[in-house]
2 protein chains.
Amino acid sequence: MPQETIGTSEERSPLSKERVLRGAIALADEKGLAALTMRSLAQELGAKPMSLYHYVANKDEMLDGVVDLVFSEIELPSSAGDWRVEIRRRADSARQALQRHPWATALMESRTAPGPATLRHHDAILGTLRSAGFSVKMAAHAYALLDAYVYGSALQEAALPFSGPDTVAIVAEPIVQLFAEGEYPHLMEIATEHVLKPGYDFGDEFEFGLNLILDALAAALPADQA
Amino acid sequence: MPQETIGTSEERSPLSKERVLRGAIALADEKGLAALTMRSLAQELGAKPMSLYHYVANKDEMLDGVVDLVFSEIELPSSAGDWRVEIRRRADSARQALQRHPWATALMESRTAPGPATLRHHDAILGTLRSAGFSVKMAAHAYALLDAYVYGSALQEAALPFSGPDTVAIVAEPIVQLFAEGEYPHLMEIATEHVLKPGYDFGDEFEFGLNLILDALAAALPADQA
DNA sequence: CGTATTTTCGTACATTGTACGATACTCTTT
DNA sequence: AAAGAGTATCGTACAATGTACGAAAATACG
């Protein structure tokens, strides 16, 4: 049966690096990072495994590209306008991107080779800080601080067994029972009196920390400019 | 030649979960996380691969145990004494632990099941904050903030292609040349005027951020207590 | 001793990344 | 249209990995 161009709705749009990387992201989003294998990705794209290697040198390099693509989803801050607004916007945007792709945080660690989107991203933030009046040194400090916080929060959130407001209780209840023995009293306290309360949202923790950092940086700005 | 109890200095101390986990850490420290395979670990321990499975259910559970062991290396803060001193001590200690085991940061992401050392650790920090006078809610905020910062910094540091003061220049110089084209002007500026300066140490960035956060939390404490 | 339990291991298999070379396809030049 | 050159796809095969399964060896205990 050598006919094949009939109605098989298998879309065989031609491959490309772009399509490979986007397919990888989609697969990781859908089935998790562990399910992202060259074989399954090829199948998803309607191709055979070895075909991918025409667009990526190897899996590691592909993951580098994937990370850079995720970075490109993050809104860049502008150097004009209020720096606090701009920095906050990109922080929220980064958090959202890493929420959409929770596996990405893990990836960013192992990859040491930043791609163009990553570099552009870093450059934009530094530009915003410099335009706001921070000295070179202070901009570096602020940048390291903000970045550590954003990625650290993403790490925390990815490790949480729940996501979104009010979904906590379902998962947490049995866990709380486990150490009701009184071995971790303060964890208990936080859990029952804060996290398990209806309406709890991890996003609030994020906003609190971000505000605190921005306020403190704003307070340090005048002295730095002098 | 069926003799074997002679002088072969292969130490065949009996296996144990402890020995397996510590061996795993040692191997990851030495050869990197990718080199940590059940086979190589078994060899390191003078055993055969399948023997390990009497002490760990599978590799994933082993990694959970490894992460918990790394956590146990971090100094716990005390609830007595100045909270800022205590929190700082544990932050520095955590950074050091994650510097000793740079691969651990990546692991912490994927594992969702915290071990006893991890729980004890979290509990101790919350205890210190509560003793300092923070409200439940504020303690949760402060804790999330501090933790995100510490792990985020570890993530950054692990991604850096250098480590320790003054080792930057060697690696960074050629990179800087690469985008000397002027595409990333602010990165250039930071690089040449700050990071590449002799005496640069990433640890200084860490301390700056930690101080800023602690100061801001201290400032928020009185209002929170009221 | 023997017997029961624990600890160690040998073999085997499925899954992964990917090296290597062959095939199919596309485009230019005649 | 034919031929040739390049490009994109793929088939086959191999080494490395986690680990299921059950056998063997070591140990503990009556």
Side-chain angles (χ1 to χ4, degrees), chain A residues 1-6 8 10-28 30-67 103 106-107 110-111 113, chain B residues 1-6 8 10-28 30-67 103 106-107 110-111 113:
Chain A
M1 49 192 83
Q3 52 161 221
E4 61 200 271
T5 14
I6 304 284
T8 63
E10 298 286 335
E11 331 158 19
R12 290 301 308 272
S13 28
L15 287 180
S16 71
K17 181 157 188 176
E18 174 89 9
R19 253 173 65 76
V20 169
L21 297 184
R22 295 220 180 274
I25 290 181
L27 220 172
E30 229 178 295
K31 312 261 177 85
L33 189 56
L36 172 54
T37 72
M38 299 307 271
R39 285 174 163 88
S40 58
L41 175 56
Q43 186 155 27
E44 183 97 350
L45 295 172
K48 296 301 155 74
M50 280 302 125
S51 305
L52 307 181
Y53 287 91
H54 236 262
Y55 304 94
V56 241
N58 50 51
K59 189 176 182 181
D60 268 357
E61 201 222 47
M62 184 181 87
L63 293 180
D64 282 343
V66 162
V67 168
W103 43 266
L107 272 192
S110 37
R111 336 264 108 225
Chain B
M1 50 189 90
Q3 52 161 219
E4 60 199 273
T5 13
I6 304 283
T8 65
E10 297 286 336
E11 330 158 21
R12 289 300 310 272
S13 27
L15 287 180
S16 71
K17 181 157 186 177
E18 173 90 8
R19 253 173 65 77
V20 169
L21 296 183
R22 295 221 180 274
I25 291 181
L27 219 172
E30 230 178 296
K31 313 259 175 86
L33 189 56
L36 173 54
T37 73
M38 299 307 270
R39 286 173 162 88
S40 59
L41 175 55
Q43 187 156 27
E44 183 96 349
L45 294 172
K48 298 300 157 71
M50 289 320 281
S51 304
L52 307 181
Y53 286 90
H54 234 258
Y55 303 95
V56 248
N58 51 51
K59 190 177 182 180
D60 268 357
E61 200 223 48
M62 183 180 87
L63 294 180
D64 282 342
V66 161
V67 168
W103 42 266
L107 273 191
S110 36
R111 333 267 108 222

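First the proteins, then the strands, lettered A, B, ... as listed; each starts at 1. Note that the coordinates shown come from a computational prediction; the quantities given were computed from them, not determined experimentally.
Rounded to whole Å, atom C1' of D/dA25 lies 13 Å from atom NZ of B/K48. Distance CD (B/Q43) to C1' (C/dT8): 16 Å, rounded to an integer number of Å. Look at CG on A/L45: it is 13 Å from C1' on D/dT9, rounded to the nearest Å. Per the geometry, OH belonging to A/Y55 stands 12 Å off C1' belonging to D/dC10, to the nearest Å. With rounding to whole Å, A/E61 atom CD is found 15 Å from C/dG17 atom P. The CG atom of A/L33 sits 14 Å away from the C1' atom of C/dT16 (whole-angstrom rounding).
Contact between the side-chain N/O atoms of B/H54 and the OP1/OP2 oxygens of C/dT8 is not found at any separation under 4.0 Å. Side-chain N/O atoms of A/S51 include none lying less than 4.0 angstrom from OP1 or OP2 on D/dA8.
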Provide a list of protein-nucleic acid N or O atom pairs under 3.5 angstrom, restricted to nucleotides 16-20 of chain D.
{"unit_1": "D/dG18", "atom_1": "OP1", "unit_2": "B/K59", "atom_2": "NZ", "d": "2.5"}
{"unit_1": "D/dG18", "atom_1": "OP2", "unit_2": "B/M38", "atom_2": "N", "d": "2.9"}
{"unit_1": "D/dG18", "atom_1": "N7", "unit_2": "B/R39", "atom_2": "NH1", "d": "2.6"}
{"unit_1": "D/dG18", "atom_1": "O6", "unit_2": "B/R39", "atom_2": "NH2", "d": "3.1"}
{"unit_1": "D/dT19", "atom_1": "OP2", "unit_2": "B/Y53", "atom_2": "OH", "d": "3.0"}
{"unit_1": "D/dT19", "atom_1": "OP2", "unit_2": "B/K59", "atom_2": "N", "d": "2.9"}
{"unit_1": "D/dT19", "atom_1": "O4", "unit_2": "B/R39", "atom_2": "NH2", "d": "3.4"}

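Counting only heavy atoms from C-beta outward, the side chains of B/R19 and B/Y55 never approach each other to under 4.5 Å. Inter-residue side-chain proximity for A/L52 and A/M62 is flagged as unmet; no heavy-atom pair is nearer than 4.5 Å.
Shown here for A/D64 and A/A113, the closest heavy-atom pair between the two residues is OD2-CB, 4.2 Å. Here the closest non-hydrogen pair linking B/S51 and B/L15 is CB-CD1, 4.0 Å. Nearest heavy atoms, B/S40 versus B/A35: OG-O, 2.9 Å.
Residues passing the salt bridge (charged side-chain N to carboxylate O under 4.0 Å, His left out) test with B/E44, sequence neighbours excluded: none.
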